[in-house]
Amino acid sequence: MEILTGNELISGATVYLDRNGTWVENLQAARVFSADETAERDAALAATKGTGRVISLEIEEVTRDGETLVPKRLRERIRAAGPTAPLTLAGAPYDRQHLGEDGHVSI
C-alpha cells in the first residue's frame with residue numbers, strides 16, 4: 001500500500017493526497033493506492049507536478065494498524081507527527097500561511 005506525500009510550497013507543511021484529489025495535512029485522510037493502482041498513482045503524481053503547488057513529492061509505503069495508517073519509514077512517521085519543535089515566532093504561536101484556492105504563487 002502506498003500514499004503520495006509532499007510539502008506545500010508556501011507553508012512547507014507536510015501534505016498527503018486524499019481520496020478527492022486534494023492535498024491535506026492529515027495522514028489518516030490520505031488516499032491509499034494498492035499495487036494494482038500504479039497507473040492512477042502515477043497520473044496523480046504527474047498532475048501535481050504540473051501545478052507547482054506541492055514540492056518534494058514522494059511515494060511512501062504504509063501499513064494499517066487497525067484503521068490507522070502507519071508509514072513504514074521512520075522519517076515519514078516523524079513528518080506525519082508534525083514539527084519536533086513548537087512553531088513559534090518571537091515566543092508566540094505561529095500559524096503557517098497556506099496557498100489560497102486560486103493556487104497563485106509568485107516566485
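The same ILVMFWY cluster, assembled from side-chain heavy atoms under 4.5 Å apart, contains both Val54 and Leu17.
For the residue pair Gly12 and Asn7, the shortest heavy atom distance occurs at O-ND2, 2.9 Å. Taking both residues in full, the closest heavy atoms of Val15 and Trp23 are given as CG2-CE3, 3.6 Å, listed atom of the first, atom of the second, then distance.
Annotation: side chain of Thr14 is in contact with side chain of Glu76 (closest heavy-atom distance under 4.5 Å). Side-chain contact between Leu69 and Arg64 is present, with at least one heavy-atom pair separated by less than 4.5 Å. Contact check for Glu40 versus Phe33: side-chain heavy atoms found under the 4.5 Å cut-off.
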Begin with the C-alpha distance, continue with both residues' side-chain angles, and end with the deciding distance and a verdict on side-chain contact (heavy atoms from CB on, under 4.5 Å) for Leu4 and Thr48. CA-CA 10 Å; Leu4 294 180; Thr48 299; 5.8 Å; no
Walk me through it: do Arg53 and Leu9 pass the test side-chain contact (heavy atoms from CB on, under 4.5 Å)? CA-CA 6 Å; Arg53 292 180 58 134; Leu9 182 61; 5.8 Å; no
side-chain contact (heavy atoms from CB on, under 4.5 Å) for Val70 and Val62? Distances and angles first, verdict last. CA-CA 5 Å; Val70 180; Val62 294; over 6 Å; no
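Between the Asp18 side chain and the Asn20 main chain, a donor and an acceptor come within less than 3.5 Å of each other. Side chain of Arg31 to backbone of Tyr16: no donor-acceptor contact under 3.5 angstrom is found. With hydrogens and angles ignored, the 3.5 Å screen pairs a side-chain donor or acceptor of Arg77 with a backbone N or O of Lys72.
Listed by chain and number, the residues in a side chain to side chain contact (heavy atoms under 4.5 Å, CB included) with Glu2 are Arg41, Ile59, Glu61 (sequence neighbours excluded).
Annotation: the span from Leu27 atom CG to Thr68 atom OG1 amounts to 9.5 Å, rounded to 0.5 Å.
More than 12 heavy atoms of other residues, nucleotides or ligands lie within 6.0 Å of CG in Asp36, so this atom counts as buried by the packing criterion.
Between Glu58 and Arg73, at least one side-chain N (NZ, or NE/NH1/NH2) sits under 4.0 Å from a carboxylate O, which counts as a salt bridge.
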